[in-house]
Amino acid sequence: MRLYTRGGPATHAPGILEAVETAEPAREHRKVVEELARAAGFELVGVTSAEPLAGGGERLRRWQEAGMAGEMGYMRRPPELLSDPRRLQKSARSVISLGVSYYPGEHPENPGDGGRVARYAWGRDYHRVIKERLFGLRRELEEALGCRIRARAFTDAVPLLERSAAQRAGLGFFGRNSCLINPAMGSYFFIAELLVDLKIEPNLPGEGTCGRCTRCIDRCPTGAIKAPGVVDARLCISYLTIENRGEIPRSLRPLVGDWAFGCDLCQEVCPYNRRKARKSRWPEFSAEAGAGPYLKIAEVLAIRSEEEFERRFAGTPLTRPGRAGLLRNCCVVAGNLRLEEAVPALVGCLREDPSPLVRGHAAWALGEIGGAEEELSGAAHRERDPWCRREMELALSRATVG
Ligand code: SF4
């Protein structure tokens with residue numbers, strides 16, 4: 001494709017064609033960016049400068065100081081680093097911020113034995129899918145503008161405040177649930193960026209308001225939304241079931257409900273999503289492309305090796321918590337649903353799973369369901385891990401009392 005080419009053919013020879021430094025080309029660059037990004041399937045496109053994200057950095061500092069980042073190492077890095085796009089790419093002059101809907105539709109009813117999966121994870125691994133398109137977009141930009149572009153492509157879990165960059169690029173405003181909300185599309189969208197050494201006219205920052213609505217705060221089962229826009233990750237089901245590498249605290253387990261991976265509750269109740277969510281046009285994000293809306297609890301609990309786990313979930317976002325993390329979550333769901341048909345699989349975990357994290361949560365689930373006292377007692381005798389043994393003893397006393 002060769003659109004808006006200035007000064008001859010596209011070239012990869014450095015220094016032959018450079019972006020011109022006047023306002024006109026910057027404006028024209030934005031038009032080209034918008035057109036090509038939409039053609040590549042991104043519904044939302046905005047541009048901001050590569051200057052530090054001052055407001056975002058300050059919010060992050062307060063959040064970190066309150067200890068709300070939990071164990072997310074990448075979110076505990078210095079705010080100066082996370083809020084400065086040029087720390088990622090020295091030559092960056094603009095951030096092209098992109099949004100693509102992942103909304104696959106309404107969540108069907110739980111068939112009764114399912115672990116619920118957050119909508120963004122029903123399909124293929126979005127990191128790979130989006131990055132491929134970003135690289136394609138960069139190539140098309142070079143061709144269209146007739147200049148070599150130094151660029152880096154990112155989506156999620158990068159050391160950059162992506163949502164702050166996207167807000168400044170006009171993609172939306174921060175909702176009370178801390179999600180970026182686009183007034184015309186809601187918040188079910190992925191954010192991605194291209195950092196480029198090209199001067200592009202920036203968009204105005206995103207604007208909007210939640211008004212007096214507090215539905216997300218009222219709906220959150222764990223009280224994780226501490227103030228408008230401030231989510232304590234340590235209480236958030238999304239964090240607890242994905243990024244958290246340790247146990248799910250006992251007091252929070254019953255509140256996890258049937259969520260086996262992530263949580264959509266504060267987005268589901270958002271009026272913008274209820275009215276404006278747009279179904280994704282990318283087939284990669286459909287339920288058919290990946291794990292879909294529910295995991296069969298008993299099946300997941302039977303996965304005993306990393307190889308088997310990879311075979312089952314490779315190429316989907318569900319690999320993120322690792323085998324032990326996903327089985328931990330499924331144990332909690334089994335306990336919350338009092339899922340009797342999962343008892344043989346839970347007993348299997350108790351007897352032979354190599355991970356103490358899984359054995360301990362399996363014990364908790366069996367304690368909630370009841371009827372496995374003999375197994376729990378035998379396991380508690382054999383167990384060498386002190387945390388795990390304690391879980392088994394507590395489960396035994398719960399099962400006996402219950
Ligand atoms: Fe609360 Fe779930 Fe939203 Fe986390 S994702 S803040 S747990 S409603």
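Atoms within each ligand, like the ligands themselves, are counted from 1 in listed order.
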Closest heavy-atom approach to atom 4 (Fe) of ligand 1 among S238, C263, P221, C236 is made by C236

Assess whether ring-ring contact (aromatic ring centres under 6.0 Å, His included) is satisfied between Y126 and F190, documenting all intermediate values.
-> CA-CA 8 Å; Y126 55 97; F190 291 123; 4.3 Å; yes

Presence of salt bridge, R278 and E43, under 4.0 angstrom | no

Basic-acidic side-chain contact under 4.0 Å: R359, D385 = no

What part of N177 sits under 4.0 Å from ligand 1 if we count only heavy atoms: the side chain, the backbone, both or neither?
-> neither

Quick one: look up the protein heavy atom nearest atom 7 (S) of ligand 1 and list residue, atom name and how far away it is.
-> I237 N, 3.2 Å

Where is the nearest protein heavy atom to atom 1 (Fe) of ligand 1: which residue, which atom, and how far?
-> C220 SG, 2.3 Å

Within the 6.0 Å centroid threshold, strictly below: Y188 and Y120 = no

Does C266 bring an N, O or S atom to under 2.8 Å of atom 3 (Fe) of ligand 1?
-> yes

For atom NZ of K296, decide whether the heavy atoms of other residues, nucleotides or ligands shown that lie under 6.0 angstrom number more than 12.
-> no

Proximal ligand 1 atoms for I225, defined as those under 4.0 Å from one of its heavy atoms = 6 (S)

